[in-house]
2 protein chains.
Amino acid sequence: MESTVTLDKVARQAGVSSSTVSRIINGTARVSAVKRENVLRIMSELNYHPNVLARGLASGRSMGVGVLTQDISSPFYGSTLRGIESALQGTGYHPIFISGHWHVQEELEAIDFLLSRRVDGVIVLGGGVPDMRLQDVARRLPVVVLGRSVPGLEDQCLRLDNFAGAQQATRHLIELGHRNIAHIAGEASHRDAQDRLEGYRAALDAAKLHFDPDLVQPGDFHEASGFLATTRLIEGRTLFSAVFAANDQMAYGARLALHRKGLRVPEDVSLVGFDDLPGSMYTTPPLTTVQQPVEDMGHAAAQGMLRLLRGERAEVQPMNIRLVIRESTVRRRSS
Amino acid sequence: MESTVTLDKVARQAGVSSSTVSRIINGTARVSAVKRENVLRIMSELNYHPNVLARGLASGRSMGVGVLTQDISSPFYGSTLRGIESALQGTGYHPIFISGHWHVQEELEAIDFLLSRRVDGVIVLGGGVPDMRLQDVARRLPVVVLGRSVPGLEDQCLRLDNFAGAQQATRHLIELGHRNIAHIAGEASHRDAQDRLEGYRAALDAAKLHFDPDLVQPGDFHEASGFLATTRLIEGRTLFSAVFAANDQMAYGARLALHRKGLRVPEDVSLVGFDDLPGSMYTTPPLTTVQQPVEDMGHAAAQGMLRLLRGERAEVQPMNIRLVIRESTVRRRSS
DNA sequence: CGCCCTCAAGAAAGCGCTGTCAAACGCGGC
DNA sequence: GCCGCGTTTGACAGCGCTTTCTTGAGGGCG
């Protein structure tokens, strides 16, 4: 435990060459059973742990997979990270997380950081890194992208059908008899937010319902913006009996704003979110929302990465999105 | 962008020795201005990024700080990770996260992993790694521990006063006139949970209130257990007008269970949580809870780590815990 | 019985960088 | 013009491991 135990030390102790020890560790070649046993025993006696840095330097593979996320503490991405972590478990590869905080410059630096860390592959979760840069990186090492589609890398991209999800959510409200459905939009610059807005409009169109711009309020995917948007909605002159928020966090904010104004969910106003965060099952009432299989997505992305690392094709399959109907939506009162 | 750019390549291109380039990068020694300019220019032309592995191997410092957390997607630890990340930002050090999943064996392996990764320091977030192992590790490199106190390492431990927090929460309910206060306990094996239970009892004792074991229900810190515990409470024979849950997630579950049984919060039952998760401000009604400065804690822990890395003392200061009174608690109806 | 082939094991050359040591250089002073 | 001093710079030996190339010992076969 004093001075670090090196492979050489183990080799000397066991009376073999360092090559032999290396071979035993990596299973790179046959080694006589006697020597193997002996070396393994000494390794555990000395409590030897290979130096990953040296190993990476010598072999050219660091056994690290870079994961560029936006916010390590985001309830949405959190589960995805968990999925990645669990899929990598036991494969010898290990995730290295780094956050871009929805800031292109920071994301670019994060990628440079990962590259200088000599990761063997990169998983990118959304964000705003220019396609070109990703294509660039993909030329050098395996890349899997979640939540967006990069030209030329389509089969390594795991997209979610935000449009269809939003459409489904809105249709659900329409089928319940709602005619005046408000929408709290997400950060306008996010592709996801745009798609969800489009899905909302498409559902209205399909039902031949009038699209009222007054019923669409901007938000930024955080609770506070949902609260504000809903307050504006209530104080506005346009009536509505249902709200579709572009994500669950904003739906939480909306829920509180309605509560403050004495409006009950779902009796007075139906509410639908998007994401199905872990907490959405336990709001009062439990929230109807579009479920993104976030953890599975992480898992699938990591699986794709492992395939790429083995030299195969990523073959990531598009994931299913589905509406989870809970108790925040009911048929519109005939009144 | 083809074959990786090495320091040697830059040196040759610039017509200087690799030592000189190294010196320019690290600022280890004076270098004539002309050469510096020239080398810097070539570095950016070639888009050179030092190989962190090689650097770590040669210098013995990997510039990585290992962070042993329990669950990368936990809403509670998430903010702490964020705090660590932000404190390390710009210092040259980078966090390497790994989860133990509240599983001692896994945590031990995680520590081995970090050591073999040759991190320069380790931050441990709670968990069940035996004190001895932590003392062992601390002998080899800087260690900061969050949420528990390890003998001999006291000044590198950042403890939260769970006892005082729970006491405060309970006292608050008592001051509002509540006499029958239920408690949903956390995972019995967690020190935090035990301390919170003790705080609850202490507050009751101080007010000369009878401690009724029937009003204490076991939980496991997750929503579902809060729901179950509260259901048991309601169906039990002992009346209560307030619930103190050992964490916010269980309080959410309790909230839903009360709702299901037609009990209103706070009119019929007052509810207090613990942690002040980001979402607790937006529950209906907003939750009264004990605030742990989770992000600040991460920040402080990382600061302490940086100090240790500079060879100074950690000097981590105990953090303040405080009760945030929102709308889930009210004076008991005189009825 | 000798030759060639096979397979285990060792020697040694890096991987890309840091850091020590010594050489080279320039400068002022005598 | 030469000496000594303080700087800038280069050469080189690792850091701990992988991997190629060799060596050496058996083993099968003619």
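Numbered from 1 within each chain, the chains take letters A, B, ... in sequence-line order. Here the structure is a predicted model, which is why all the values come from computation and not from measurement. As a basis for the values below, the full set of heavy atoms in this structure was taken, side chains included, without hydrogen atoms, waters or symmetry mates.
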B:Arg310/B:Glu312 ion pair, N-O < 4.0 Å: yes
Take the protein atom [atom1] of [X] and the nucleotide atom [atom2] of [N], then report the distance between them rounded to whole Å.
X: A:Ile24; N: D:dT19; atom1: CD1; atom2: P; result: 16 Å
X: B:Arg118; N: C:dT18; atom1: CZ; atom2: C1'; result: 17 Å
X: A:Arg117; N: C:dC15; atom1: CZ; atom2: P; result: 22 Å
X: A:Leu53; N: C:dG16; atom1: CG; atom2: P; result: 14 Å
X: B:His49; N: C:dC17; atom1: NE2; atom2: P; result: 12 Å
X: A:Arg61; N: C:dG16; atom1: CZ; atom2: P; result: 16 Å
X: A:Asn26; N: D:dT19; atom1: CG; atom2: P; result: 7 Å
X: B:Asn51; N: C:dC17; atom1: CG; atom2: P; result: 6 Å

Flag for A:Ser19-A:Ser22: side-chain donor and acceptor within less than 3.5 Å: no
Sugar-phosphate, base or nothing in reach of A:Leu57, heavy atoms under 4.0 Å: base
Sugar-phosphate only, base, or nothing, as touched by A:Thr6 at under 4.0 Å among non-hydrogen atoms: sugar-phosphate
Base-contact (B) and sugar-phosphate-only (S) positions in nucleotides 4-14 of chain D, heavy-atom cut-off under 4.0 Å, - elsewhere: ----SBBBB-B
Are side-chain heavy atoms of [X] and [Y] found at a separation under 4.5 Å?
X: A:Val150; Y: A:Gln135; value: yes
X: B:Trp102; Y: B:Glu187; value: no
X: A:Asp112; Y: A:Arg133; value: yes
X: B:Leu309; Y: B:Val65; value: yes

Single hit among B:Asp275, B:Asn320, B:Asp192 for side chain to side chain donor-acceptor pair (under 3.5 Å) with B:Gln292: B:Asp275
Contact under 4.0 Å: A:Ser22 side-chain N or O vs D:dT18 OP1/OP2: yes
